[in-house]
2 protein chains.
Amino acid sequence: MVARMHHSASPRKGRTGRPRSVETDHAILHATRAALVDLGWGGLTMSEVAARAGVAKTTLYRRWANKNELVVDAVAVLFDELELPDRGCLQADIEGVVLQFGALLARPETKTALMAVVAESTTDEALRERIRSAIVDRQKRLVQLGRSRAQERGELPADTPGEEGARTAARTMDLIFDVIAGAIVHRTLVSGEPVDAAWGRDFTALFLTGLAGLGDGEPG
Amino acid sequence: MVARMHHSASPRKGRTGRPRSVETDHAILHATRAALVDLGWGGLTMSEVAARAGVAKTTLYRRWANKNELVVDAVAVLFDELELPDRGCLQADIEGVVLQFGALLARPETKTALMAVVAESTTDEALRERIRSAIVDRQKRLVQLGRSRAQERGELPADTPGEEGARTAARTMDLIFDVIAGAIVHRTLVSGEPVDAAWGRDFTALFLTGLAGLGDGEPG
DNA sequence: CGAGTTACGCTACGGGTCGTAGCGTAAAAG
DNA sequence: CTTTTACGCTACGACCCGTAGCGTAACTCG
């Protein structure tokens, strides 16, 4: 993890000179999200963000090298909202996190920004790493938590001990994550349909029992 | 479906004047994909595409209003490759289409372009519609085909007749589509991992039998 | 307190892209 | 040959990018 000189790793206590204003940090990130809502990704400019934040454009470039990194940080904090309260059973936990993530993606700033930076990350390795540490890892924690919680309840088989078991467990985690997050993202952004309670039930049913077991449930 | 005057709806036989060159069409779309590979979405410019295609920049703007629409059309033809040969059983059919779609998304031009235009489409309704008709609908046809094929085999229950049954069938189709496509896209673009045979098997198992039935299969 | 150090605002700049207008020419239909 | 449309070329104003230079503000250390 290379500690760039960008943004606030920590105020570096033994540091001389005028410190960076954290208020300015927040103002910039907030202005970025607001501009994202109004203008979308393509219409977003550094000048616009600077103007909205009441800050000189040079101040932006002292903290972020380009638009991509700025937007990642601006959006990343939104993912802190994600939580996984214990709802008693695996099905309820999944439905809960699906609706949460769906609501997060329904917000115009995340909707617009997330796919754009992911697209850019395909040709920018540093950006990909920033996205991973700032966003993806936070989501994955939830998957891990939900899975181990279900294992404690006996709803899922415990991991096979040993190196091989750890590998398959990791693979399963990755698969689960891609399926859940991918479906929600695709539903929201590509299909353009809302992730509501009904869809959350349908998805969870498919996810838990598979395609074969689908449609055997209640009609409502 | 508003018929824009853009690109080639059809040569309009009873039309006077010099016709548009279809070679120029292809040259531009090909140049767009090539430039996308080399420069990525952010680095792509209309001037660059025009130069690569050996065409005046004005010719580009006579056919496409902006970068987004050009890229959608340039990438859309790649989705024509998708097919669904009958592999005998539902599981094999799914694994096949998963690998196909994964291979398509592994190509740098699709990888880079797809998410970018989807991101833009969140603030551009016309672009969204263009994506839907040019890309999404082609994929959805495969889902429909695979499902009805499985129903004929008796692997899936037939649709309930009547209006209500049609609605739930449509909902199920949408759900299936979002889950499959979403997982592949997420795996490829966000997680940055390949959609290979092993992952295809794992995903299909999860998709068919659900999370509960996962891990009971063969260890290899 | 003053010296050193860093952050900030402001202005200005070269370089690049955008999307369009204007014009002359090329290729089709009648 | 006339009409109509497509094409290439040039030029243009508008905008954004990212940086340099400079004066000032804020904080630390001696």
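Letters go in sequence order (proteins before strands), and every chain restarts at 1. Predicted, not measured: the structure shown is a model, and the values here were computed from it.
- Distance, A:L60 CG to C:dA7 C1': 14 Å, rounded to whole Å.
- Distances were taken from every side-chain heavy atom of A:V55 (C-beta onward) to each of C:dG19, C:dG9, D:dG8; the shortest belongs to C:dG9.
- The B:R18 side chain lies nearest to D:dC7 when the options are D:dG8, D:dC7, D:dA26.
- If you measure from atom CG of A:D25 to atom C1' of C:dA7, you get 12 Å, rounded to the nearest angstrom.
- Taking atom CD1 of A:I28 as the reference point, atom C1' of C:dC8 lies 11 Å away to the nearest angstrom.
- Annotation: side chain of B:N66 is not in contact with side chain of B:L70 (no heavy-atom distance under 4.5 Å).
- Partners of A:F207 under the ring pair (Phe, Tyr, Trp, His ring centres under 6.0 Å) rule, at least two apart in sequence or in another chain, are A:F203.
- Nucleotide C:dG9 holds its P atom 15 Å from the OH atom of A:Y61, rounded to whole Å.
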Pairs of donor and acceptor atoms involving the side chains of residues 51-59 of chain B, under 3.5 Å and at least two apart or interchain, shall be tabulated with distances.
{"from": "B:R52", "atom 1": "NE", "to": "B:E48", "atom 2": "OE2", "distance (Å)": "2.8"}
{"from": "B:R52", "atom 1": "NH1", "to": "B:D38", "atom 2": "OD2", "distance (Å)": "3.0"}
{"from": "B:R52", "atom 1": "NH2", "to": "B:D38", "atom 2": "OD2", "distance (Å)": "3.1"}
{"from": "B:R52", "atom 1": "NH2", "to": "B:E48", "atom 2": "OE2", "distance (Å)": "3.4"}

Residues 183-194 of chain B side chain polar contacts: donor-acceptor under 3.5 Å, at least two apart:
{"from": "B:H186", "atom 1": "ND1", "to": "A:D178", "atom 2": "OD1", "distance (Å)": "2.8"}
{"from": "B:R187", "atom 1": "NE", "to": "B:P194", "atom 2": "O", "distance (Å)": "2.9"}
{"from": "B:R187", "atom 1": "NH2", "to": "B:P194", "atom 2": "O", "distance (Å)": "3.0"}
{"from": "B:T188", "atom 1": "OG1", "to": "B:I184", "atom 2": "O", "distance (Å)": "2.9"}
{"from": "B:S191", "atom 1": "OG", "to": "A:D178", "atom 2": "OD1", "distance (Å)": "2.7"}

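- Applying the side-chain hydrogen bond (donor to acceptor under 3.5 Å, both in side chains) test to pairs two or more places apart or on separate chains, those with a residue in residues 101-112 of chain A are A:E81-A:R107, A:R107-A:E109, A:T112-B:T122.
- Looking at residues two or more places apart in sequence or on another chain, you find no salt bridge (charged side-chain N to carboxylate O under 4.0 Å, His left out) involving B:K67.
- Relative to the axis of its first five pairs, the axis of the last five pairs of the helix from C:dC1-D:dG30 to C:dG30-D:dC1 sits at 20°, rounded to 10 degrees.
- Side-chain atoms of A:E95 do not come within 3.5 Å of backbone N or O of A:A197 as any donor-acceptor pair.
- Distances shorter than 4.0 Å separate some side-chain N or O of A:R20 from OP1 or OP2 on C:dC8.
- Looking only at side-chain heavy atoms (C-beta outward), B:D73 and B:R130 come within less than 4.5 Å of each other.
- Between D:dG8 and B:R62, no contact under 4.0 Å exists linking OP1 or OP2 to a side-chain N or O.
- The phosphate of C:dA28 (OP1 or OP2) has no side-chain N or O of B:T16 nearer than 4.0 angstrom.
- Qualifying salt bridge (charged side-chain N to carboxylate O under 4.0 Å, His left out) partners for B:D124, counting only residues two or more places apart in sequence or in other chains: none.
- B:T123 pairs by the side chain to side chain donor-acceptor pair (under 3.5 Å) definition with nothing, not counting sequence neighbours.
- The phosphate of C:dA7 (OP1 or OP2) has a side-chain N or O of A:R15 nearer than 4.0 angstrom.
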N/O-N/O pairs, protein side and nucleotides 12-17 of chain C side, under 3.5 Å:
none

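- By the salt bridge (charged side-chain N to carboxylate O under 4.0 Å, His left out) test, A:D86 pairs with A:R149, A:R153, sequence neighbours left out.
- Of the listed nucleotides (D:dC7, C:dG19, C:dC8), D:dC7 has the atom at the smallest distance from the side chain of B:R63.
- Interface residues of residues 113-123 of chain A facing DNA chain C, ordered by number: none; criterion, heavy-atom separation under 4.0 Å.
- Qualifying side-chain contact (heavy atoms from CB on, under 4.5 Å) partners for A:E83, counting only residues two or more places apart in sequence or in other chains: A:P85, A:Q100.
- Residue whose closest nucleotide on DNA chain D sits further toward the 5' end, between B:G54 and B:G17: B:G17.
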